[in-house]
S.K.: 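The structure is given below, and queries will be raised subsequently.
Within every chain, numbering begins at 1; the chains are lettered A, B, ... in the order of the sequence lines, protein sequences first and strands thereafter.
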Amino acid sequence: MADLAATRAATRLDPHRLRTDFPILSTANRFGKPLVYLDSAATSLKPLAVIEAVDGYNREYSSNIHRGIYELAERATGAYEAARAKTARLINAPEPAEIVFVRNATEAINLVAYSWGRRNIGRGDTIVLTEMEHHANLVPWQLLVQEKDGDLEFVPVSDDGLLQLDVYEVLLHLRPKLVAFTHASNMLGTINPVRHMVEMAHAAGALVLIDGAQAVPHMPVDVQELGADFYVFSGHKMLGPTGSGALWARRELLEAMPPFMAGGDMIREVHLRRSDWNEIPYKFEAGTPDIAAEIGMGAAADYLLDLGLDAVRDHERELTRYALEVLPREVPGIELYGPAAEHRGGVVSFNLPGIHPHDVAQILDRSGICIRAGHHCTMPLHERFDLAASARASFNVYTIPEEIDALAIGLREVVRVFDR
Amino acid sequence: MADLAATRAATRLDPHRLRTDFPILSTANRFGKPLVYLDSAATSLKPLAVIEAVDGYNREYSSNIHRGIYELAERATGAYEAARAKTARLINAPEPAEIVFVRNATEAINLVAYSWGRRNIGRGDTIVLTEMEHHANLVPWQLLVQEKDGDLEFVPVSDDGLLQLDVYEVLLHLRPKLVAFTHASNMLGTINPVRHMVEMAHAAGALVLIDGAQAVPHMPVDVQELGADFYVFSGHKMLGPTGSGALWARRELLEAMPPFMAGGDMIREVHLRRSDWNEIPYKFEAGTPDIAAEIGMGAAADYLLDLGLDAVRDHERELTRYALEVLPREVPGIELYGPAAEHRGGVVSFNLPGIHPHDVAQILDRSGICIRAGHHCTMPLHERFDLAASARASFNVYTIPEEIDALAIGLREVVRVFDR
Amino acid sequence: MDDLYRDYILEHYRRPHNFGVLEAPTASYEGSNPLCGDRITMMLRLEDGVVRDVAFTGRGCAISQASASLLTDEIKGKTVEEVERMTPDDLLDLIGIEISPARLKCALLSLDTVAHALADDAAEQAEADGSASGAGSASGASSASGASSA
Amino acid sequence: MDDLYRDYILEHYRRPHNFGVLEAPTASYEGSNPLCGDRITMMLRLEDGVVRDVAFTGRGCAISQASASLLTDEIKGKTVEEVERMTPDDLLDLIGIEISPARLKCALLSLDTVAHALADDAAEQAEADGSASGAGSASGASSASGASSA
Ligand SMILES: Cc1ncc(COP(=O)(O)O)c(C=O)c1O
Ligand SMILES: Cc1ncc(COP(=O)(O)O)c(C=O)c1O
């Protein structure tokens with residue numbers, strides 16, 4: 001028992017220590033205030049390992065991949081494909097060839113909508129989404145069903161921020177071709193029961209796309225255990241560089257799908273009037289990829305795996321629990337959205353009565369506190385809660401409870417400014 | 001006269017001096033041989049200014065853009081939009097809003113094919129291309145005309161590597177909707193008479209897309225003077241980072257085009273069943289862009305503008321003239337492709353009789369010399385010249401005549417290996 | 001400490017001038033800044049080329065509300081031409097605090113919405129004038145409502 | 001100096017063994033490596049499960065040509081099962097030089113093409129056997145030609 005507890009303690013995150021891996025955390029704002037970065041759901045900070053992976057490519061072996069027979073090109077190709085293998089390991093994909101590198105989660109979803117969607121969605125076909133989707137997992141499907149004359153249906157969200165699975169069940173009776181939902185909400189923080197939802201969808205004969213943009217950085221994700229068909233995420237939210245991201249899909253699906261973009265590298269043979277395609281994943285990676293960024297995402301995957309995703313999840317659950325306890329106590333009148341810490345990731349959206357979230361964010365900025373204000377690319381979800389906008393604090397591995405204290409103090413100052 | 005000559009001399013490139021800006025040029029290969037990088041047409045090396053622009057964002061102000069009301073986000077947004085302005089300046093675009101940031105030239109062409117093409121190309125419509133196109137400016141159009149039941153026609157290439165404008169003239173009688181051609185060939189080096197070709201196309205009522213991937217890094221480009229409708233290029237070939245690139249198009253065209261990818265930032269309002277679009281260029285930049293890379297491309301544009309594109313062109317023309325003189329003299333039997341230095345960029349493709357270019361490249365690698373071997377993503381052009389493959393040396397601002405000497409010596413060694 | 005949240009700005013935010021619905025406006029427009037959820041409707045009564053009355057409704061941040069409050073005070077009694085000539089800088093001067101780039105759209109929403117209302121009105125006038133006789137009453141309420149392009 | 005371009009490799013490249021056209025092959029396949037423009041056709045005469053004869057034509061780099069030359073020497077007289085069991089490593093051992101990742105496809109094209117030829121032959125046999133009587137001659141030349149999936 002004692003041993004077990006020790007092991008468990010040993011695998012806990014030490015956020016204070018790992019903060020030294022993030023150079024930006026030792027910067028200060030124009031008033032000399034240290035950075036309190038609570039906008040990780042928008043994009044995460046980057047550890048040295050990632051910064052240096054990018055810089056190393058740019059400085060030491062910047063060259064194109066796949067087609068070069070010289071040392072630099074072989075080194076670049078090796079690093080690029082190693083990043084693919086690391087990314088596969090992060091989500092336990094059966095094989096690296098099932099990882100398609102893309103710019104971000106948005107591109108991954110558009111790729112599926114164009115390539116799989118335009119071939120498989122026809123007149124009258126239904127796609128089931130949820131009311132809590134990020135625009136990235138909504139608007140591409142709107143465009144698709146407009147073109148193909150299909151239908152969208154939406155799983156509603158309950159007042160406490162959970163998907164209404166009873167309605168989901170009913171919607172599945174429409175025999176949708178595809179069900180697409182977010183693993184974790186970027187506004188409510190809700191972590192959805194994705195495994196169960198996949199099973200239900202498969203039982204109804206639908207394929208499933210999971211938007212993992214807010215999950216992969218924060219918890220263990222195993223696409224095989226989830227049983228998903230498509231899984232997408234962004235590198236820049238998981239400690240990696242902007243420009244990196246991945247689509248995972250089962251080999252048979254990727255092989256059956258037509259290309260999305262066309263150009264160099266994705267072809268096998270090109271003639272003036274016809275071409276055929278390279279094997280996966282190259283079929284979907286037209287042109288010179290963002291070699292530097294994907295190598296950086298590989299380094300980020302390693303960094304997260306080294307920390308241990310269970311430890312990351314524990315850390316962020318505790319932070320969230322702390323925030324949900326401190327904020328209502330210290331900031332009278334604050335309105336919080338979303339479920340209990342047990343069912344949510346490190347995201348806390350809120351409003352102060354009578355104060356627009358833009359003003360909240362602006363005043364916090366003076367104290368070096370960075371939060372997001374607006375609709376967080378979830379306008380329909382805000383409509384659902386009859387909100388014009390909200391303020392959002394979001395956490396990552398480097399977030400510490402002291403920053404939540406700072407937020408509480410900052411919010412009291414905001415109230416003071418408006419009440420004076 | 002003397003004054004003029006002095007000014008002219010003053011604006012010449014000093015490639016030896018600027019080589020110190022490129023850290024990779026002081027590295028050596030596994031045999032201790034210094035790097036002789038002659039594969040700039042595949043991707044260019046990156047100067048410190050670019051490396052540090054990327055690193056600075058990652059280290060000091062990595063945050064998301066457009067939606068943040070805090071100092072970091074404002075700094076990132078400012079740098080990202082400044083990069084757009086610099087990129088616009090590089091090609092003399094009328095306004096920064098006409099620059100859409102993309103991953104690379106390939107994505108830019110696919111964007112036009114999907115967005116403009118699917119709306120404007122119909123059954124029986126013709127698109128005129130040339131036989132010297134990179135796959136990036138060929139395969140997207142193949143996919144488009146397959147979907148829409150349109151036609152492709154090709155301007156042939158003469159034996160000395162020039163476009164046959166008399167045939168072009170005839171093809172324009174077919175009243176194509178679009179003409180798309182490369183500004184400079186990445187295999188033959190040919191610089192096409194694009195201004196004249198645009199005029200001819202416009203007179204025939206066609207829109208014109210120019211693939212500037214091999215032109216923007218190497219010569220002054222003025223899209224207004226060219227009169228083009230669409231102009232595309234990649235950042236990583238113009239001293240910038242991988243993941244950066246641009247589509248330029250006239251405002252009216254961009255405004256009339258439907259979105260390509262959908263998601264965050266490209267929308268104005270989203271409801272569950274319909275959305276409307278943001279203004280240009282944001283309409284075409286769905287999701288979190290590659291902020292770091294585009295900022296790096298801005299730094300590359302500044303670097304090139306500081307050197308002066310006329311000086312860059314002069315430097316590379318001299319190098320090419322030198323190579324075309326040295327190689328046939330020093331390497332008996334070498335077969336060279338493409339036109340005279342006057343009509344070509346810094347690209348020299350060749351073959352050694354009886355030796356496959358892969359073997360050539362492999363043996364040169366031992367001496368630290370990096371060239372490309374294969375079809376350089378121009379399979380139809382290789383078919384046109386009845387070549388299975390070719391070897392290619394290509395230059396950039398940091399290339400020096402000594403490296404061409406090294407290539408000649410290396411090629412003699414290749415011949416020696418095979419003749420022994 | 002807060003340059004932005006000066007007393008008079010908060011005063012205008014808490015008790016905006018000219019807030020409410022104008023009966024029978026001759027021009028009106030609903031502008032929005034979807035990014036923040038700001039949404040404001042500007043209603044004007046124009047007579048003989050002069051802004052006789054103006055009012056606004058809507059919700060938004062302190063900056064956009066104070067801006068609307070200050071702007072409506074300013075334009076009341078001005079000629080349409082004068083209002084049309086107002087630049088963003090004029091409005092920023094009026095607001096009198098330094099606005100960061102990210103908040104510019106908040107600050108300028110009111111002016112943008114007024115401009116749209118006036119443009120729609122002018123277009124309708126032109127149409128009414130052009131379509132000669134008939135029921136071409138140029139004074140019918142132009143309640144053109146739509147999305148601003150800002 | 002050049003580990004890769006040993007004398008015997010160049011010897012096989014210059015004068016490849018079993019280079020030429022086989023009359024009436026029972027199995028054949030055209031493999032290609034479009035990236036390099038390598039293209040090779042493998043022709044085999046199989047009798048009673050044994051590779052009685054083999055030849056190849058095509059063009060390619062020294063590595064791919066020498067590999068084909070060495071491989072054809074090796075498999076002549078072997079049983080089909082033995083050939084099918086050959087792994088990439090077996091072939092690399094045969095070639096005997098260190099191949100960098102970028103050249104692996106060149107080195108393995110010959111084996112890949114042989115594998116395709118045998119697989120096509122097996123498929124045809126199975127079909128011929130399955131479709132019972134008729135003109136089900138299993139010894140008809142299977143000149144299945146197509147693109148290798150390598
Ligand atoms: C003429 C030309 N067009 C397009 C491309 C494609 O560039 P990228 O791979 O950066 O999209 C290239 C690069 O090889 C090129 O040389
Ligand atoms: C749930 C969710 N999905 C998708 C996205 C889109 O991510 P990106 O902008 O990196 O494509 C985000 C990021 O805001 C998100 O939170």
Side-chain angles (χ1 to χ4, degrees), chain A residues 23-24 27 29-30 42-43 45-46 51 54-55 58-60 62-64 67-72 103-104 106-107 110 135-136 138-140 142-143 152 154 234 236 241-243 261-264 267 270-273 275 286-288 290-293 358 361-362 365 370 373-374 377 379-380, chain B residues 23-24 27 29-30 42-43 45-46 51 54-55 58-60 62-64 67 69-72 103-104 106-107 110 135-136 138-140 142-143 152 154 234 236 241-243 261-264 267 270-273 275 286-288 290-293 358 361-362 365 370 372-374 377 379-380:
Chain A
I24 200 174
T27 62
N29 79 354
R30 62 200 183 286
T43 197
L45 304 178
K46 290 126 192 46
I51 295 170
V54 171
D55 198 54
N58 283 337
R59 252 173 220 274
E60 292 165 27
S62 73
S63 72
N64 218 318
R67 290 163 296 181
I69 312 193
Y70 49 84
E71 194 176 321
L72 285 184
R103 177 171 40 241
N104 50 28
T106 301
E107 184 180 15
N110 280 277
H135 297 163
L138 167 56
V139 190
Q142 289 180 345
L143 291 181
L152 295 183
F154 296 89
S234 292
H236 71 94
T242 58
M261 293 200 231
I267 52 88
V270 176
H271 305 279
L272 285 177
R273 289 192 161 73
S275 305
T288 305
D290 193 342
I291 305 168
H358 271 201
Q362 182 100 46
D365 175 47
C370 309
C377 295
M379 290 183 86
Chain B
I24 199 173
T27 63
N29 78 354
R30 62 201 182 286
T43 197
L45 304 178
K46 289 127 194 42
I51 296 171
V54 171
D55 198 54
N58 284 337
R59 253 174 219 275
E60 291 164 27
S62 74
S63 72
N64 218 319
R67 288 165 297 182
I69 312 193
Y70 48 83
E71 193 175 322
L72 286 183
R103 177 170 40 241
N104 50 29
T106 301
E107 184 180 14
N110 279 277
H135 297 162
L138 168 55
V139 189
Q142 290 180 344
L143 292 181
L152 295 182
F154 296 89
S234 293
H236 71 95
T242 59
M261 294 201 230
I267 52 86
V270 176
H271 304 279
L272 285 177
R273 288 190 161 76
S275 305
T288 305
D290 194 343
I291 304 167
H358 272 202
Q362 182 100 47
D365 174 47
C370 308
R372 183 127 308 223
C377 294
M379 290 183 87

S.K.: Checking B:D365 now: which residues fulfil side-chain contact (heavy atoms from CB on, under 4.5 Å) with it, not counting sequence neighbours?
M.R.: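 If we apply the side-chain contact (heavy atoms from CB on, under 4.5 Å) test to B:D365, skipping adjacent residues, the hits are A:Y70, A:E71, B:R30.
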S.K.: Taking only residues two or more places apart in sequence, or in another chain, which ones meet B:I24 in a side-chain contact (heavy atoms from CB on, under 4.5 Å)?
M.R.: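 Partners of B:I24 under the side-chain contact (heavy atoms from CB on, under 4.5 Å) test: A:S62, A:L72, B:T27, B:L35, B:L45.
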S.K.: Do A:V139 and B:I267 touch side chain to side chain, with heavy atoms closer than 4.5 Å?
M.R.: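 Counting from C-beta outward, A:V139 and B:I267 do come under 4.5 Å.
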S.K.: Would you say A:T288 and B:R103 make side-chain contact, with heavy atoms under 4.5 Å?
M.R.: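 Side chain of A:T288 against side chain of B:R103, heavy atoms only: no contact under 4.5 Å found.
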S.K.: Where does A:N110 contact chain B at under 4.5 Å (heavy atoms): side chain, backbone, both or neither?
M.R.: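 It is the side chain, since no backbone atom gets that close.
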S.K.: So B:I51 and A:D55, do their side chains get closer than 4.5 Å, heavy atoms only?
M.R.: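 In contact.
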S.K.: With chain B, which of A:C370, A:S63, A:A373 has the greatest number of heavy-atom pairs at distances under 4.5 Å?
M.R.: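 Answer, by heavy-atom pair count under 4.5 Å with chain B: A:C370.
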S.K.: If you count heavy-atom pairs under 4.5 Å with chain A, which of B:N58, B:V270, B:T43 comes out on top?
M.R.: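 With the most close heavy-atom pairs to chain A, the winner is B:V270.
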S.K.: Heavy-atom pairs under 4.5 Å with chain A: which of B:P380, B:A136, B:G287, B:A292 has the most?
M.R.: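 Top count of heavy-atom pairs under 4.5 Å with chain A: B:P380.
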S.K.: Would the distance check show the side chain of A:R273 and the main-chain N or O of B:L152 forming a donor-acceptor pair, the cut-off being under 3.5 Å?
M.R.: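 A pair under 3.5 Å: yes.
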S.K.: With a 4.5 angstrom heavy-atom cut-off, is it the side chain or the backbone of B:N104 that approaches chain A, or both, or neither?
M.R.: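 B:N104 touches chain A through side-chain heavy atoms alone.
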S.K.: Please classify the contact of B:V54 with chain A as side chain, backbone, both or neither, using a heavy-atom distance under 4.5 Å.
M.R.: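 For B:V54, the contact with chain A is made by the side chain alone.
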S.K.: Treating B:Q142 as the side-chain partner and A:L272 as the backbone partner, does any N or O pair qualify as donor plus acceptor under 3.5 Å?
M.R.: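 Between the backbone of A:L272 and the side chain of B:Q142 there is a qualifying donor-acceptor contact (under 3.5 Å).
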S.K.: Hey, could you give me the CG/OG1 distance between A:N64 and B:T242, rounded to the nearest 0.5 Å?
M.R.: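 The distance works out to 9.0 Å.
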S.K.: Counting distance only, does the side-chain N/O of B:T106 pair as donor-acceptor with the main-chain N or O of A:A286 below 3.5 Å?
M.R.: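 Answer holds: no.
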S.K.: Counting C-beta onward and ignoring hydrogens, is there a side-chain heavy-atom pair between A:H236 and B:D290 closer than 4.5 Å?
M.R.: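 Side-chain contact under 4.5 Å: no.
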S.K.: Find out whether B:H271 and A:M379 are in side-chain contact, i.e. whether some heavy atom of one side chain is under 4.5 Å from a heavy atom of the other.
M.R.: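 The answer is no, as the side chains (C-beta and beyond) never meet within the 4.5 Å cut-off.
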S.K.: When only pairs under 4.5 Å are counted, which of B:C377, B:G374, B:A262 shares the most heavy-atom pairs with chain A?
M.R.: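 Of B:C377, B:G374, B:A262, B:A262 has the most heavy-atom pairs under 4.5 Å with chain A.
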S.K.: Relative to chain A, which segment of B:L143 carries a heavy atom at a distance below 4.5 Å: side chain, backbone, both, or neither?
M.R.: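 For B:L143, the side chain is the part near chain A, not the backbone.
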